[in-house]
4 protein chains.
Amino acid sequence: MTRNRLREAAMKLFGEKGYDGTALSEIAKEVGVKTPAIYAFYENKEDLFMTVFREAMQLYNTFIQELLKDQRSFGAKESLHRVLTRQYEFYQQNPEASLIVLRYVIFPPTFLKETIEEAFLQSDELLTNIIEQLIKQGIEEGVIREQPVQLLVDAFLNLMDGLSMQYFYYTSREVYERKLNHAFEMYWNGATTR
Amino acid sequence: MTRNRLREAAMKLFGEKGYDGTALSEIAKEVGVKTPAIYAFYENKEDLFMTVFREAMQLYNTFIQELLKDQRSFGAKESLHRVLTRQYEFYQQNPEASLIVLRYVIFPPTFLKETIEEAFLQSDELLTNIIEQLIKQGIEEGVIREQPVQLLVDAFLNLMDGLSMQYFYYTSREVYERKLNHAFEMYWNGATTR
Amino acid sequence: MTRNRLREAAMKLFGEKGYDGTALSEIAKEVGVKTPAIYAFYENKEDLFMTVFREAMQLYNTFIQELLKDQRSFGAKESLHRVLTRQYEFYQQNPEASLIVLRYVIFPPTFLKETIEEAFLQSDELLTNIIEQLIKQGIEEGVIREQPVQLLVDAFLNLMDGLSMQYFYYTSREVYERKLNHAFEMYWNGATTR
Amino acid sequence: MTRNRLREAAMKLFGEKGYDGTALSEIAKEVGVKTPAIYAFYENKEDLFMTVFREAMQLYNTFIQELLKDQRSFGAKESLHRVLTRQYEFYQQNPEASLIVLRYVIFPPTFLKETIEEAFLQSDELLTNIIEQLIKQGIEEGVIREQPVQLLVDAFLNLMDGLSMQYFYYTSREVYERKLNHAFEMYWNGATTR
DNA sequence: GATGAATGAGATTTCATTCAT
DNA sequence: GATGAATGAAATCTCATTCAT
């Protein structure tokens, strides 16, 4: 139990204050335990961090893999829009994991720059594939205008990245939802046949 | 001189390794000076950081203000596209300042969360105004289809944010330029009259 | 144990060399421990000092309170003389605590001027009351000549203060005892009926 | 000029905050000059302190020597009382020097314990002599009762020491003057023929 | 599993002092 | 005389980590 509570506290604090900005003692205190207790479960700070990061990354990966299941059930437009809302839901339901992923993908601590880049490229690739399929589906369906797939994919991924950043610095829910819908609407305007 | 070289070294290191991850001794060593020399020029670590952050923020603000000058000289489409390429140039020409702004706007050290948020909201507002004007101009010119301005603005800002994030984790120049152009093309498809 | 030994070493060194003149490393070394060990028991230097000062002050207060118990058992003359000898004994048996009280009552470190003044005024008041009672007792007994009580109290307290100072700069035992007895004899000459 | 202003600032600060508690930079700032300027006039911190201490000690010595001049002009009672009031005046007119003398006679910094003890014993001896003469004069005059001179001297010096201490921890003027007069009155009661 | 005690390494900061200008 | 720049030494304090219990 303590093991998990430590991991959760670490996830929260590493996300909020960063790896160097978080002392093991803070994590221990959050759990109501003394610092050395951490070493009963984790080899050292790095190990705890890696555990946390892996878990966050895995949650994120799972989320992306689940995007696959939805696919064929809806039309392309709804599917793409759902990708955005589900990303949004994921952020809301896993705020700490999301923060970790975002933070350390952009700003990895020196000692695991490479590990993180690899881990992330994988899920980035998977996501790219999913989007690509949805778009192809849309083209097949005739709702998306015939045009280079990469153009549509790049733009959509860009849209997702923009929304990710905005999620973490605009706190207001309404503002964010408006931005999400506006961004998608414009995208769809550009993508759709008319 | 030393004062400036310290500031530059600090900008580089705070950007790369974060506030807590950067020791004053590293900054001093980079400049070829002993740690206490820093205190001849800056009150303490926080002061040095704030100086660095303010400078970076000011460079960024200046960049945004200069976007204004371009405005009427081109058509709306070119103007908007130029906003993106100039942002790109700014990142290339001021890689350290950009990194600082991006990093600390999203992940401020606890002790200056508020200061940073304020500072950033200002330039965000200015940027929003500029984009809004360009879009209105485009509507007047008849090249942008009549539709709610906020829709167009939100989507464009989202696009810029997406590109900002991508700039810092896709190192390849070609990939980035492709993404920039694709994102803009899709945007313009959605915005333009046809 | 270490906690107490640190407190004792601190009491000794703070008394001898002053707050600013004593490095935590000296205190640690005296106890045979490394400096950071101090932080396992005391929050910081100030905390250690305050602990030490409070303890010294409390020893002193206890000493004063115990003066009360003696009271009625002897005649006024012997009682007053005993006050002096017991103060003397207290200094001898608690040389470090005495030094701390004396030193920091007169020369408090800036950061606790007020705390110390308050703490001291309390015991000063108690002492005043005790002396006052002894003197009234003496007047009742008829051994002290009828005269304003405050006159007798002020003079006696002054005498005690004088002896306190002298205790710390005349090291010789004989000299001190002579001075004590002379001072008291003269006092009594002035106080007594004849 | 700067030399003197530095000495004055040092006297004030060394008196208030102690040798270790006073940074050269504070002294310099008080004078409106940068720290290294001090080294144009004084070899180092110790030198500055010793200059200050010597000056204070010399003022004190001068004061004691001037007590001699008064001597035969008044009766013994008035002379002795004048010793106290002049000591009081000295404290009032030279608060900083007095504080220095008092502080470092009781609590010398380790590096000049011996120097200070010597310096002080001299003036202590001189003072003792003066008091002794006044008392002998009083006995000759017949106003002081025949009794061992040392008894009277010890008691009087004790009285002076008590008043010195009290001067520095009772701030109120009225209280101090009352205490002075009361202490002397009692002393005189014990000393005088009746 | 958990903790108290302790430490080594190192971080920030202060300060007396030097030196070239 | 005075200062700006710099430093060595050292002080306070933090923190990850170890180890015996």
Side-chain angles (χ1 to χ4, degrees), chain A residues 1-3 5-6 19-29 31-49, chain B residues 1-3 5-6 19-29 31-49, chain C residues 1-3 5-6 19-29 31-49, chain D residues 1-3 5-6 19-29 31-49:
Chain A
M1 289 309 92
T2 304
R3 158 177 262 118
R5 290 172 55 223
L6 281 170
Y19 180 77
D20 294 301
T22 304
L24 289 185
S25 58
E26 295 177 76
I27 296 172
K29 178 172 266 175
V31 170
V33 105
K34 304 294 172 182
T35 312
I38 294 177
Y39 290 84
F41 307 102
Y42 303 95
E43 268 189 41
N44 51 30
K45 195 181 180 183
E46 257 184 59
D47 180 30
L48 173 54
F49 177 78
Chain B
M1 286 305 95
T2 304
R3 161 177 259 119
R5 289 171 56 221
L6 283 169
Y19 179 78
D20 293 301
T22 305
L24 290 183
S25 57
E26 298 177 74
I27 297 172
K29 180 170 266 175
V31 170
V33 108
K34 307 292 174 183
T35 313
I38 295 178
Y39 290 84
F41 305 102
Y42 302 94
E43 271 190 35
N44 49 34
K45 193 181 180 183
E46 261 185 54
D47 181 29
L48 174 55
F49 177 78
Chain C
M1 286 305 93
T2 303
R3 159 177 260 119
R5 290 170 56 221
L6 282 169
Y19 179 78
D20 293 301
T22 304
L24 290 182
S25 58
E26 297 177 73
I27 297 172
K29 179 170 266 175
V31 171
V33 107
K34 307 292 175 184
T35 312
I38 295 178
Y39 290 84
F41 306 101
Y42 303 95
E43 270 189 35
N44 49 33
K45 194 182 181 183
E46 260 185 52
D47 180 30
L48 173 55
F49 177 79
Chain D
M1 290 307 93
T2 304
R3 159 176 262 118
R5 291 170 56 220
L6 281 169
Y19 179 78
D20 294 301
T22 305
L24 289 186
S25 59
E26 297 178 74
I27 297 173
K29 179 173 265 177
V31 171
V33 106
K34 306 293 174 181
T35 314
I38 295 178
Y39 290 83
F41 306 103
Y42 303 94
E43 267 188 39
N44 51 32
K45 193 181 183 183
E46 255 184 62
D47 180 29
L48 173 55
F49 177 78

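Chain A is the first sequence line, chain B the second, and so forth, proteins listed ahead of strands; every chain is numbered from 1. Everything numeric here is computed off the predicted structure, so don't read it as measured data.
Between C:I27 and C:L6 the shortest heavy-atom distance is CG2-O, 3.9 Å. Between A:A28 and A:K34 the shortest heavy-atom distance is CB-C, 3.8 Å. Heavy atoms only, all atoms of each residue included: A:R3 and A:F41 are closest at NH2-O, 3.2 Å.
OP1 or OP2 of F:dG1 has not a single side-chain nitrogen or oxygen of D:T2 nearer than 4.0 Å.
The CD1 atom of B:I27 sits 12 Å away from the C1' atom of E:dA11 (whole-angstrom rounding). Between A:L48 atom CG and F:dC15 atom C1' there is a gap of 15 Å when expressed in whole angstrom units. Here F:dA16 presents its C1' atom at 12 Å from CG of A:D20, a figure rounded to the nearest Å. Taking atom CG on D:D47 and atom P on E:dA16, their separation rounds to 14 Å, with Å as the unit. The nearest whole Å value for the distance from the CZ atom in C:F49 to the P atom in F:dT12 is 14 Å. Spacing between atom CE of D:M1 and atom C1' of F:dA2 amounts to 16 Å, rounded to whole angstrom units. Atom P of nucleotide E:dC15 and atom OH of D:Y42 are separated by 21 Å, given to the nearest angstrom. Residue D:Y19 contributes atom OH, which lies 20 Å from atom P of E:dT14 at whole-angstrom precision.
Stem analysis of DNA chain E (Watson-Crick or G-U pairs, both distances under 3.5 Å, runs of at least three) returns E:2-21 with F:2-21.
Each of B:I38 and C:A23 was assigned the nucleotide of DNA chain F with the nearest heavy atom; the assignment lying further toward the 5' end belongs to B:I38.
Partners of D:E43 under the side chain to side chain contact (heavy atoms under 4.5 Å, CB included) rule, at least two apart in sequence or in another chain, are D:D47.
The shortest distance between side-chain heavy atoms of D:L24 and D:N44 does not fall below 4.5 Å. Side chains of B:V31 and B:I38 form no contact here, defined as non-hydrogen atoms less than 4.5 Å apart.
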So which protein N/O to nucleotides 17-19 of chain F N/O distances come out below 3.5 Å?
residue, atom, partner, partner atom, Å
F:dT17, OP2, A:Y39, OH, 2.8
F:dT17, OP2, A:K45, N, 2.8
F:dT17, O5', A:Y39, OH, 3.1

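Stacking of D:K45 on the aromatic ring of D:Y19 is recorded, both the 6.0 Å distance cut-off and the 45° axial limit being met.
Of the candidate nucleotides E:dG1, F:dA2, E:dA16, F:dA2 has the atom lying nearest to any side-chain atom of D:F41. For A:K34, taking side-chain heavy atoms from C-beta onward, the closest of the listed nucleotides E:dG4, E:dA6, F:dT3 is E:dG4.
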